[in-house]
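Take a look at the structure below.
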Amino acid sequence: MKSASLFIITVLFLVCAVPAASQRNQAERDKFTLLTMPYNKRPLALYRGQFQANAGYKFAIRARSYDKDGNVIILKDQGTASVYHYYFLNIRYGITNFLELSAETNYIKKGIRSPAEKYFSTVADVVKVNTVTETKGMGDVLLLATLRLPITYKWFDFAAKGGIFLPTAKYEPPAPKHTITNVSLTAANTYTINFHYNNTNGFGVPVYLLSAVTKFSLSKFSIEADFSYMDPVKGGKNIRWDEELVNKTFAYSSNSYKYRLNRIIEANAALHYQATGWFNIEINTNYHRSESGWTEYWGKKYKNPEEHLFTLEPAMEIQISPAITVYEITGLPLSGKNMDAPFYLFITLSYNLFPFLK
């Protein structure tokens with residue numbers, strides 16, 4: 001009797017324990033599979049319960065620019081080439097397999113130098129003028145929701161995105177920091193004026209964003225295309241600084257003005273090749289267009305210049321571990337109008353996990 005009871009208890013234990021262990025192994029196997037899913041099989045939104053944090057850095061060399069006629073200006077030849085630094089932070093979370101929420105912001109630091117100029121005054125003073133416009137600071141916070149098709153296809157995916165930039169960043173520029181140097185009291189007095197203007201990185205008004213993206217995959221190849229539209233909710237007010245030079249000392253005063261940000265349209269088309277499970281190669285083309293904004297000074301409204309830029313972006317994705325992926329993008333401007341055309345390298349580190357999947 002005792003043997004029969006022991007046998008029954010042992011069978012019940014095996015019946016309960018084996019499926020439990022199998023379920024745990026299945027959960028672990030599913031978790032690993034989802035984290036290591038290659039790009040050609042990956043959906044356009046995160047999986048349910050997936051958390052992703054992305055930190056990126058862009059280093060750009062501002063060596064060329066396009067004028068209003070689309071002609072290339074070599075800034076190095078003018079002595080005005082410069083670099084700028086762009087930092088990016090983004091967090092994403094999959095509410096369901098078809099709904100994702102995200103938030104992001106950025107920090108930028110760049111300086112633009114104008115060609116040096118020399119003037120001769122009526123009293124025989126020689127005045128050299130250098131002008132630098134520096135932009136730095138945090139950007140506004142973007143809150144974004146992504147909704148993809150509730151039906152999964154192996155070869156096709158589509159998602160729509162909608163969000164808004166909240167005016168959280170500083171947008172009023174600080175006072176300029178002009179200086180006078182190299183004062184020489186000779187027969188012809190000479191000195192150098194260094195104009196230093198400061199700009200911020202905030203929009204100053206809410207800006208909404210709408211986007212759509214689609215993806216087609218066949219074997220190891222994928223084609224992805226997206227279109228996005230950004231437009232300010234309303235116009236805004238800001239200040240600009242005027243300076244006055246008296247006895248080689250600057251005095252500043254601020255005046256308010258009205259503005260409306262440009263409407264921005266961007267389109268991307270990319271071809272991906274999944275070389276191996278951990279290595280994806282991409283060739284992307286990016287088109288950026290900015291227009292329809294205006295600035296109003298002293299009761300007169302001035303149309304902002306129309307801008308556009310077409311860029312080729314070779315890129316690659318390398319999965320270092322199930323949780324860590326590295327993205328590298330190179331920007332090669334091909335044509336444009338009224339815009340700088342920097343060569344840039346953009347590196348992003350992505351960290352992924354399922355915090356509630358045990």
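In this chain, numbering begins with 1 at the start of the sequence shown.
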Check: P173 main-chain N/O paired with W241 side-chain donor or acceptor under 3.5 Å
yes
Over 12 foreign heavy atoms within 6.0 Å of NZ, K161
no
Classify the side-chain pair Y197/E243 by whether it contains a donor and acceptor separated by less than 3.5 Å.
yes
So, do R148 and F98 sit near enough that their side-chain heavy atoms are less than 4.5 Å apart?
yes
Using every non-hydrogen atom in the two residues, find where L46 and E100 come nearest and quote the distance to one decimal.
N-OE1, 3.0 Å
Parallel, tilted or perpendicular: which describes the rings of Y259 and Y257, with under 30° parallel and over 60° perpendicular?
tilted
Taking the inter-plane angle between the rings of F310 and Y287 on a 0 to 90° scale, is it parallel (under 30°), tilted (30 to 60°) or perpendicular (over 60°)?
tilted
Verdict with supporting geometry, M339 and H288, side-chain contact (heavy atoms from CB on, under 4.5 Å):
CA-CA 10 Å; M339 285 194 70; H288 170 98; 3.8 Å; yes
Is L142 reachable from Y107 through a run of I, L, V, M, F, W or Y residues, each pair having side-chain heavy atoms under 4.5 Å apart?
no
From Y344 atom OH to I61 atom CD1, the distance as rounded to the nearest 0.5 Å
13.0 Å
Heavy-atom closest pair, residues G236 and V205
CA-CG1, 3.7 Å
Backbone N or O of N40 within a donor-acceptor pair of the S217 side chain at under 3.5 Å?
yes
Test item: T285 side-chain N/O and A269 main-chain N/O as donor-acceptor pair under 3.5 Å:
yes
Are side-chain heavy atoms of I283 and P314 found at a separation under 4.5 Å?
yes
Measure up the H178 and F250 rings against each other and bin them: parallel (under 30°), tilted (30 to 60°), perpendicular (over 60°).
perpendicular
If the test is ring pair (Phe, Tyr, Trp, His ring centres under 6.0 Å), which one of F165, Y171, Y208 qualifies with F203?
F165
Assigning hydrophobic clusters by single linkage (Ile, Leu, Val, Met, Phe, Trp, Tyr; side-chain heavy-atom cutoff under 4.5 Å), is M230 placed with L143?
no
Below 4.5 Å, heavy atoms only, C-beta onward: do E224 and E282 meet side chain to side chain?
no
In Å, rounded to the nearest 0.5 Å, how long is the span from CZ of F216 to CZ of F156?
5.0 Å
Donor-acceptor under 3.5 Å (T214 side chain, D157 main chain):
yes
So does A270 get a backbone contact from the side chain of E313, meaning a donor-acceptor N/O pair under 3.5 Å?
no
Would you indicate whether the side-chain heavy atoms of N255 and W298 approach each other to under 4.5 Å?
yes
If you define the side chain from C-beta out and look only at heavy atoms, does anything of Q78 sit under 4.5 Å from P115?
yes
How many angstroms lie between atom OH of Y87 and atom CD1 of I108, to the nearest 0.5 angstrom?
11.0 Å
When you measure from the side chain of Q274 to the backbone of Y39, do you find a donor-acceptor pair of N or O atoms at a distance under 3.5 Å?
yes
More than 12 non-hydrogen atoms from neighbouring residues, nucleotides or ligands closer than 6.0 Å to OH on Y351, yes or no?
no
Walk me through it: do I112 and D340 pass the test side-chain contact (heavy atoms from CB on, under 4.5 Å)?
CA-CA 10 Å; I112 297 178; D340 289 333; 4.0 Å; yes
Which heavy atom in L35 sits nearest to a heavy atom in P322, and how many Å separate them?
CB-O, 3.3 Å
Evaluation steps, side-chain contact (heavy atoms from CB on, under 4.5 Å), between M138 and N201
CA-CA 6 Å; M138 295 295 301; N201 193 25; 5.8 Å; no
Do T146 and S211 make a side-chain contact, defined as non-hydrogen atoms from C-beta onward lying under 4.5 Å apart?
no
Please check if any side-chain donor atom of T295 sits under 3.5 Å from a side-chain acceptor atom of N304, or the reverse.
yes
Mind listing the closest non-hydrogen atom pair of P355 and G49 along with its distance?
CD-O, 3.4 Å
Over 12 foreign heavy atoms within 6.0 Å of CG, L312:
yes
I'd like to know whether OH of Y252 has more than 12 heavy-atom contacts from other residues, nucleotides or ligands below 6.0 angstrom.
yes
Report yes if the side chains of I318 and W278 come closer than 4.5 Å at any heavy-atom pair, otherwise no.
yes
If hydrophobic clusters are built from ILVMFWY residues whose side chains come within less than 4.5 Å, do Y327 and Y57 share one?
no
Checking side-chain hydrogen bond (donor to acceptor under 3.5 Å, both in side chains) for the pair N194/T181: CA distance, chi angles, key distance, verdict?
CA-CA 8 Å; N194 302 297; T181 59; 3.2 Å; yes
Looking at every non-hydrogen atom in both residues, tell me the closest pair between L101 and A145 and how far apart they are.
CD2-CB, 3.8 Å
Taking I264 as the starting point, is it possible to reach Y229 by hopping between hydrophobic residues whose side chains are less than 4.5 Å apart?
no
Looking at I151, L147, L149, which one forms a side-chain contact (heavy atoms from CB on, under 4.5 Å) with F158?
L149
Please confirm whether the ring centroid of F59 lies under 6.0 Å from the ring centroid of H85.
yes
Under the side-chain contact (heavy atoms from CB on, under 4.5 Å) criterion, do T152 and N97 qualify, and how do the steps go?
CA-CA 10 Å; T152 301; N97 286 333; over 6 Å; no
Is the side chain of S292 donor-acceptor paired with the backbone N or O of R263 at a distance under 3.5 Å, no angle test?
no
Please answer: with hydrophobic residues joined when any side-chain heavy atoms are less than 4.5 Å apart, are L44 and L218 in the same cluster?
no
Quick check: does any side chain N or O of S350 sit under 3.5 Å from a backbone N or O of N54, one acting as donor and the other as acceptor?
no
Looking at OG1 of T330 and CZ of F343, how far apart are the two atoms once the value is rounded to the nearest 0.5 Å?
5.5 Å
Is there a donor-acceptor pair under 3.5 Å between the side chain of D69 and the backbone N or O of N71?
no
Any non-hydrogen side-chain atom of W294 less than 4.5 Å from a side-chain atom of K258?
yes
Approximate separation, where rounding is to 0.5 Å, of I193 CD1 and K128 NZ:
12.5 Å
Which atom names give the shortest non-hydrogen contact between Y47 and K41, and what distance separates them?
OH-O, 4.5 Å
For the side chain of D140 and the backbone of A169, is there at least one donor-acceptor N/O pair under 3.5 Å apart?
yes
Given the options E307, E306, E266, R289 meets salt bridge (Lys or Arg N to Asp or Glu O under 4.0 Å) only with E306
Is the number of heavy atoms from other residues, nucleotides or ligands within 6.0 Å of CZ (R113) greater than 12?
no
Does the ring of Y297 carry R240 above it, NZ/CZ under 6.0 angstrom from centre and within 45° of its axis?
yes
Find the distance between CD1 (I91) and CD (Q52) and round it off to the nearest 0.5 Å.
11.0 Å
